[in-house]
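Okay, handing you the structure first.
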Number of protein chains: 2
Amino acid sequence: MTPLKTGSKTDSKTAVKPAQNGAHKAAIRQENEEQILAAAEKVFADYGFKGATTALIAEVANVPKANVHYYFSTKEALYRRIMEDVCDHWLEAAMTFDNSADPAIILRGYIEAKMDLSRARPYGSRLWAHEIIRGAKFSSDYISTTVKNWLDSRVVVIRGWITEGKMDHIEPYSLMYMIFATTQHYADFGAQIEIFNNDQPLSETQFAEAKENVVRIILKGVGLNG
Amino acid sequence: MTPLKTGSKTDSKTAVKPAQNGAHKAAIRQENEEQILAAAEKVFADYGFKGATTALIAEVANVPKANVHYYFSTKEALYRRIMEDVCDHWLEAAMTFDNSADPAIILRGYIEAKMDLSRARPYGSRLWAHEIIRGAKFSSDYISTTVKNWLDSRVVVIRGWITEGKMDHIEPYSLMYMIFATTQHYADFGAQIEIFNNDQPLSETQFAEAKENVVRIILKGVGLNG
DNA sequence: ATTTATCTTGACCGTTTGGTCAGGTTAAAA
DNA sequence: TTTTAACCTGACCAAACGGTCAAGATAAAT
């Protein structure tokens, strides 16, 4: 519950940099914030902004409801904070789509990164899905600037590959939408996939095979043989 | 507001079959039910079951809230009714995946039907997305019976194509998930696509091109040349 | 013309909602 | 040890929630 408390005691008396002063208090704060953020991500992912309740978030986080408001002033502030976190992780995956050598390698890397992200942070993906389904009220700025700029620059790269004859003449947006859709489907529609899989979550092996299948179909589909 | 009222008056006096008796009352009922159902589909699609409110449904339907409860006893009853409608339409699209001649023609037809459904009834698709993201609480029975039986039988068909050497050796579930994901993405993530498309909804031409791109990538991706 | 069945809705009810706050506990600083 | 600053939370509030109901309006049947 209260980690880091004793750890700092063994430090030398000179301030090493990570404070030993307010160490306990700081640890409490960090612990509680993390617990609330994790609970909120889950609850918002299940019910969306409007459907989620601060009472349920508090219950999942195992803190009194008033404590949620002590750390995050309003439901909306909490929601925005989580959206930021999700976007940061999305940007990480986006970075794997770089300018290095082979188109097939780049696309494969990006698809695999997005599949891994769906596997590792399904709640983030679902939260994003809620946000877009609802009409992107909170995040339209972020999409129309950061995400759009990133996407448009990738489209330019892909068009370059096409004119160089490295892949088929395919509208890059259609390709990117297919990658978004398919990779995120494994998070957003995980409940459905689990039912189809005889009520068992996809095993690591099954997921690895799915990932490889997605990569293969898409690469071959656009005329790339990695 | 009250259509069909005068129309039946011009009919012959012999009962033609569509009653002229309670015609007006019946018309009112049908009109109101349709209006409420349309509004509810939209509101549930935006906010999910929990996030939607009967007051907003009433406002969108342009009837007093009490009238919503006159036609549909509870919020849940209304929700279930709409889920049924959505499932019926889904089954229609599913029927296009029949046993006729060429695998490429069958797959193309199914993908196009699903794309058209996303275009024609985006709210239904979004409502379904909410339902699954939340964990399929209302529809797990339907998925684990009707939908799963349908999917499993299609998987058998596809495996047949593979053993006959008509297409690549691809796990059929991965292929079907990709089709589900990509086609529904055009409904569920329509807001995002619109932003990427410079805040313009996809035109008929753009959508037709997207549809053709999806078909082409997937067919070629699994080794089918239609 | 009268009765009957259906449709309509403002007002209301108990519960849940996001958010507040006073008064308490705990730990760091003086 | 005392003071101060941060953390904690039961109890509370106004607003919004799903749902009810009585009383009235409308139209079909008698």
Side-chain angles (χ1 to χ4, degrees), chain A residues 1-9 11 13 15 18-36 39-40 43-44 47-81, chain B residues 1-9 11 13 15 18-36 39-40 43-44 47-81:
Chain A
M1 275 292 174
T2 53
L4 296 183
K5 183 162 68 171
T6 54
S8 58
K9 281 249 176 158
D11 289 348
K13 60 193 169 193
Q20 74 197 39
N21 288 16
H24 190 195
K25 275 280 161 72
I28 288 176
R29 171 166 280 269
Q30 192 185 334
E31 166 91 9
N32 282 334
E33 281 187 355
E34 279 173 6
Q35 217 149 336
I36 293 167
V43 173
F44 281 132
Y47 298 104
F49 175 72
K50 194 148 183 290
T53 67
T54 55
L56 181 56
I57 290 169
E59 187 190 320
V60 173
N62 207 31
V63 299
K65 194 183 67 157
N67 216 350
V68 171
H69 282 96
Y70 174 74
Y71 284 102
F72 301 93
S73 56
T74 64
K75 183 184 174 185
E76 184 173 330
L78 181 52
Y79 184 78
R80 287 187 183 278
R81 165 66 179 275
Chain B
M1 272 292 176
T2 53
L4 296 181
K5 183 161 69 172
T6 53
S8 57
K9 281 249 173 155
D11 290 348
K13 60 193 169 194
Q20 75 196 38
N21 289 15
H24 189 195
K25 275 281 160 74
I28 287 176
R29 171 166 279 270
Q30 192 185 334
E31 166 91 8
N32 281 335
E33 281 187 355
E34 280 173 6
Q35 218 150 335
I36 293 167
V43 174
F44 281 132
Y47 298 103
F49 175 73
K50 193 147 186 290
T53 68
T54 54
L56 181 56
I57 291 170
E59 188 190 320
V60 172
N62 208 29
V63 299
K65 194 183 66 156
N67 217 350
V68 172
H69 283 97
Y70 174 74
Y71 285 101
F72 302 93
S73 56
T74 64
K75 183 184 173 185
E76 183 173 330
L78 181 52
Y79 183 78
R80 287 188 184 278
R81 167 65 180 275

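Every chain is numbered from 1 and lettered A, B, ... according to where its sequence line falls, protein lines coming before strand lines. None of the values given here were measured: they were computed from a predicted structure. Side-chain atoms are counted along with the backbone in the values below, which use heavy atoms only and exclude waters and symmetry mates.
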Seminar exercise, completed: Side-chain contact check for A:Lys65: nearest option of C:dG18, D:dG10, C:dG10 is C:dG18
Problem set entry | Nucleotide C:dT16, atom C1' - distance to NZ of B:Lys75 in whole Å | 12 Å
Exercise. Tell me: CD of A:Glu76 to P of C:dT17, nearest whole Å?
Worked result: 19 Å
For this session: Describe the nucleic acid contact of B:Tyr71 in one word from base, sugar-phosphate, nothing, applying a heavy-atom distance below 4.0 Å.
Result: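 Touches sugar-phosphate only.
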For this session: Kindly point out which of C:dG19, D:dC17, D:dG10 is positioned nearest to the side chain of B:Thr53?
Result: D:dC17
For this session: Looking only at side-chain atoms of A:Arg29, point me to the closest of D:dC21, D:dC7, C:dG19.
Result: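 Ranking D:dC21, D:dC7, C:dG19 by closest atom to the A:Arg29 side chain puts D:dC7 first.
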Exercise. Of the candidate nucleotides D:dC8, D:dG19, C:dG10, which contains the atom at the shortest distance from the side chain of B:Thr54?
Worked result: D:dG19
Exercise. Atom NE2 of A:His69 and atom P of D:dC13: how far apart are they, to the nearest Å?
Worked result: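 Checked: the NE2 to P distance equals 17 Å.
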Exercise. Quick one: does A:Leu78's side chain get under 4.5 Å of A:Ile57's, heavy atoms only?
Worked result: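 A:Leu78 vs A:Ile57: side chains touch.
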Exercise. Base, sugar-phosphate, or nothing: which does A:Ala52 touch, judged by heavy atoms less than 4.0 Å apart?
Worked result: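 Sugar-phosphate, no base atom in range.
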Exercise. Roughly, in whole Å, what's the span from CZ in B:Phe49 to P in D:dC17?
Worked result: 14 Å
For this session: For the pair A:Phe44 and A:Tyr79, name the ring-plane relationship: parallel under 30°, tilted 30 to 60°, perpendicular over 60°.
Result: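 Rings of A:Phe44 and A:Tyr79: perpendicular, as their planes differ by over 60°.
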Exercise. Does the B:Lys75 side chain pair with the main chain of B:His69, one donor and one acceptor, at a distance under 3.5 Å?
Worked result: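 Not at all, since once roles are kept as given, no pair shorter than 3.5 Å links the two residues.
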Exercise. Rounded to the Å, how far apart are A:Ile28 CD1 and C:dT25 C1'?
Worked result: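 Value for this atom pair: 11 Å.
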Exercise. Starting at the 5' end of DNA chain C and moving along, which residue's nearest nucleotide shows up first, B:Asn67 or A:Gly51?
Worked result: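 Per heavy-atom nearest nucleotide, the more 5' residue is B:Asn67.
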Seminar exercise, completed: When rounded to the nearest 0.5 Å, the distance separating NZ of A:Lys65 from OG1 of A:Thr53 is 8.5 Å
Exercise. Side chain of A:Asn32: nearest nucleotide among D:dG19, C:dG18, D:dC8?
Worked result: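 That would be D:dC8.
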For this session: Consider the side chain of B:Ala66, meaning its heavy atoms from C-beta on, and name the nucleotide among C:dT17, D:dT20, C:dG18 that approaches it most closely.
Result: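 Shortest atom-to-atom distance from the side chain points to D:dT20.
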For this session: Find the distance B:Phe44:CZ to D:dG18:C1' and express it as a whole number of Å.
Result: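 Checked: the CZ to C1' distance equals 11 Å.
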Exercise. D:dC21 phosphate, OP1 or OP2: any side-chain N/O from B:Tyr70 under 4.0 angstrom?
Worked result: no
Problem set entry | Nearest-nucleotide comparison on DNA chain D, the residue closer to the 5′ end among A:Val68 and A:Lys50 | A:Val68
For this session: Provide, to the nearest angstrom, the distance between the CD atom belonging to B:Glu31 and the C1' atom belonging to C:dT6.
Result: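 For the pair B:Glu31 CD and C:dT6 C1', the rounded distance is 17 Å.
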Exercise. What integer distance in Å separates B:Gln35:CD from C:dC7:C1'?
Worked result: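 Result: 15 Å.
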Problem set entry | A:Ala61 to A:Ile36 - nearest heavy-atom pair and separation | CB-CA, 3.9 Å
Exercise. When we call it a touch if two heavy atoms are under 4.0 Å apart, what does A:Ala77 touch: a base, just sugar-phosphate, or nothing?
Worked result: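 If one applies the 4.0 Å heavy-atom cut-off, A:Ala77 turns out to touch nothing in the nucleic acid.
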